[in-house]
Colleague: 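One structure, pasted below without further comment.
Because only heavy atoms are used, hydrogens play no part in the values below, and waters and symmetry mates are left out as well, while side chains stay in. A, B, ... follow the sequence lines: proteins, then strands. Residue 1 opens every chain.
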Amino acid sequence: MPQNEVIDELGLDEYKYGFVDEEQHVFRTQPGLNEEVVRQISKQKEEPEWMLNFRLKALEIYESKPMPKWGGDLSTLQETLDEIYFYVRPQDRMEHSWDDVPENIKDTFEKLGIPEAEQKILAGVGAQYESEMVYHSLKQEWEEKGVIFDSIEDGLKNHPELFRKYFGTVIPTADNKFSAMNSAVWSGGSFVYIPPGVELDTPLQAYFRVNQERMGQFERTLIIAGEGSRAHYIEGCTAPVYSTESFHSGVIEIVVEKNAHFRYTTIQNWSNNMYNLVTQRAMVAQGATMEWLDGNLGSKLTMKYPSCYLMGEGAHGNILSIAYAGDGQHQDTGGKIIHAAPNTTSSIVSKSISKGTGRSSYRGLLQVHDGARNAKSNVECDALLIDETARTDTFPYIEIDEKTAHVGHEATVSKVGDEQLFYLMSRGMSEEEAMAMIVRGFIEPIAKELPLEYAVELNRLIELEMEGSVG
Amino acid sequence: MSDTPFLTIRNLHASVAEEELQILKGVDLELKAGEIHAIMGPNGSGKSTLSKVLAGHPGYEVTEGEVHFQGEDILEMEPDERSQAGIFLAFQYPVEIPGVSIANFLRTALQAHSEEELDLFDFQDLLLEKMELLEMDPAFAERPVNDGFSGGEKKRNEILQMACLQPALALMDETDSGLDIDALQIVANGVNKLKEENPEMTVLLITHYQRLLNYIKPDFVHVMFDGRIVESGGPEVALRLEQEGYRDWKEAEAAG
């Protein structure tokens, strides 16, 4: 059912609920990426001149940079990039019908027990209406506190000065080939500003944002956590994101100011044809704390290394990451921590599960700059292999230019053992139940950090993944 | 006690899968419901293997013979089916399951034994009751299964599982190994209490030492040597073994 009919059927007042729907024609750029495409995106979004120039410059940088030769296999990526549409207006993207959604995706939704309305949203064929009331009351609370929580487009329109001051400062365009690509064609994502001293008890969930450019292929998110503020932002959800698109390249920039405490949680489960190449980084000021909680499931190849640049004295960075590589999937994930100031501390805990022909790689960079006295860091990466064909690698890069640094690194690889399975089965559990229990236990240190509903969904999802993994 | 044989093992041969190393070479044994049997034997005699084969360990292959449990041929059954049928193996080396609490583990196990949806409050009551019976601190149930446990804690966890699952047949594989005398008494008391609660429960104790039998009194004692039961009798057999060891059989073996 197209979104308009869904809305009509519900009898929702379009104006009252803020559904933006004035243009009915389909708009998308031609396949592939060139200057004309970039100009069209900027024009569609009615952007100021400086942003168009920013995008064009980024395109030049993108074209000048070679395809990375490390990480996952990108040898056939260019063919994909020549075929995809770099911009499809989001309301047009929703114009396919529920009948087009493959049965296996619908089946997974059913098994996860997701209500039908939510299924349609996840499949991109419905508008989000269920969460609206919740969202409105929260929105009121946030507005009273001066919190800005908007789409990135609205951020640029409504808060141009704040936007321009921070945009592209955490992740420069030229950081890597894909940050350059995103800078040229970005569309969708969040703009968040938490004023100094404001503490939010309820997480800001991107999921709540209604009928906006919510989850683009080239999402761009900019978050500023003001001095002494405290907040938690959640992006995505554990249910599979059904998408006909095969490429996702986001850029997430976070500024954590003095003594602020910010957590960014994202759990994403992409369809199996997807390249998922994301750059996410936080600049962490004196006495501030940044926490990344990053979960990666699905996709063909994910390359994603959340980073914390600890710029001020006593800053703290924390990365918790979990990856699940099923058949034919490669999760190349990990984290980056740069200690650039004295008494900074950091911790990385990375857990991966590989099944079938899945492959997971931990890739981590830890740098301690000269003068970052008494920096302390601890890295722990644990890999669990479900069967003989699965594969895991660890690539820890450690660069230390400071004698007083304390750095710990620990890596473990375990295989689901016959003895473990036999133990659980001898207590009456089926082999599948036993597998799922071992995996749940393995990810428990990270799952317990998630909001309850996410943890429950993650566990159910892992159980589904374990189905048919035996016998 | 019923007349149908409870557990019948006939001419059981088993080898280590993939190695063709034969360990059980024709075991014959019969247990009636409610009895306590002990199997003793030197290292490598096959007594632990027997308990694992009965529970369905995938590392062993049965090459000959039969096992009937409550009239049913169990050799084709998977370990979980055997558990659901009422067989419980207390492991000699209980396995660690990091990140999974004992409570969660037991709830899942009990659910697997039940056709109906397990009531959480009933489960909680059962768990607390059994922990009290075994004089265990309720906080123990929140610890991850066997992860970082002492030898004694691991064995007590096995007994707690046994108490909750209430098996018809408890196979206890060297439950006394690695325990000091205090821990041994606690574990033995636990088993005795369960036996008191449920006199129909049949117990097969696998042990290397006589000392366990000071605390759990067997009705029958069997001697296992080189993959066979070579002698059966009452508790006096254990006492004699304590004094004489396995000399007679070793000499016979040496003589060829």
Colleague: Using 0.5 Å steps for rounding, measure from the CD atom of A:Q420 to the CD atom of B:E96.
Modeller: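 These two atoms lie 9.0 Å from each other.
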Colleague: Measuring from B:F105:CZ to A:M429:CE, what's the distance to the nearest 0.5 Å?
Modeller: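 Result: 4.5 Å between the selected atoms.
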Colleague: Report which part of B:D147 has an atom under 4.5 Å of a heavy atom belonging to chain A: side chain, backbone, both, or neither.
Modeller: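 Looking at B:D147, nothing touches chain A.
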Colleague: Quick one: of B:P167, B:S101, B:A112, who has the most non-hydrogen atom pairs under 4.5 Å with chain A?
Modeller: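 That would be B:A112.
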Colleague: As a quick check of understanding, evaluate side chain to side chain contact (heavy atoms under 4.5 Å, CB included) for B:V100 and A:R440, giving each step before the final call.
Modeller: CA-CA 7 Å; B:V100 177; A:R440 273 202 308 269; 5.5 Å; no
Colleague: Using a cut-off of under 4.5 Å on heavy-atom pairs, state which of B:T108, B:V145, B:L165 scores highest against chain A.
Modeller: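 With the most close heavy-atom pairs to chain A, the winner is B:T108.
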Colleague: Working to the nearest 0.5 Å, report the span between OG of A:S426 and CD of B:E78.
Modeller: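 The CD atom of B:E78 is 12.5 Å from OG of A:S426, to the nearest 0.5 Å.
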Colleague: Centre-to-centre under 6.0 Å for B:Y93 and A:Y423, is that the case here?
Modeller: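 Centroid distance B:Y93-A:Y423: not below 6.0 Å, so no.
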Colleague: Closest heavy-atom contact between A:F422 and B:A55?
Modeller: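 It is CE1-O, 3.7 Å.
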Colleague: Measure the spacing between CG of B:L89 and CZ of A:R427 and express it to the nearest 0.5 Å.
Modeller: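 The distance works out to 6.5 Å.
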Colleague: Run the side chain to side chain contact (heavy atoms under 4.5 Å, CB included) check on A:E433 and B:D80 step by step: do they pass?
Modeller: CA-CA 10 Å; A:E433 275 173 318; B:D80 50 331; over 6 Å; no
Colleague: Pick one of side chain, backbone, both or neither for B:P94, based on which atoms fall under 4.5 Å of a heavy atom in chain A.
Modeller: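 Interface part for B:P94: both.
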Colleague: For each of B:G56, B:G99, B:P144, B:P98, tally heavy-atom pairs with chain A at distances under 4.5 Å, and name the one with the top tally.
Modeller: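 Max contact count across the listed options: B:G99.
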Colleague: For B:E30, is the CD atom crowded, meaning more than 12 foreign heavy atoms sit under 6.0 Å from it?
Modeller: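 Atom CD in B:E30 is packed in, count exceeds 12.
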Colleague: Taking atom CG of A:L424 and atom CD1 of B:I97, what is their separation to the nearest 0.5 Å?
Modeller: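 Between atom CG of A:L424 and atom CD1 of B:I97 there are 4.0 Å.
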Colleague: Check A:G428 against B:H113 and note the closest heavy-atom contact, atom names and distance.
Modeller: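 Shortest heavy-atom contact: CA-NE2, 3.9 Å.
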Colleague: Measure distances from B:H57 to the heavy atoms of chain A and classify the residue's part below 4.5 Å as side chain, backbone, both or neither.
Modeller: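 For B:H57, heavy atoms of backbone and side chain both lie under 4.5 Å from chain A.
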Colleague: Take atom CD in B:E197; do more than 12 heavy atoms of anything else shown fall under 6.0 Å from it?
Modeller: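 For B:E197, atom CD is crowded (more than 12 foreign heavy atoms under 6.0 Å).
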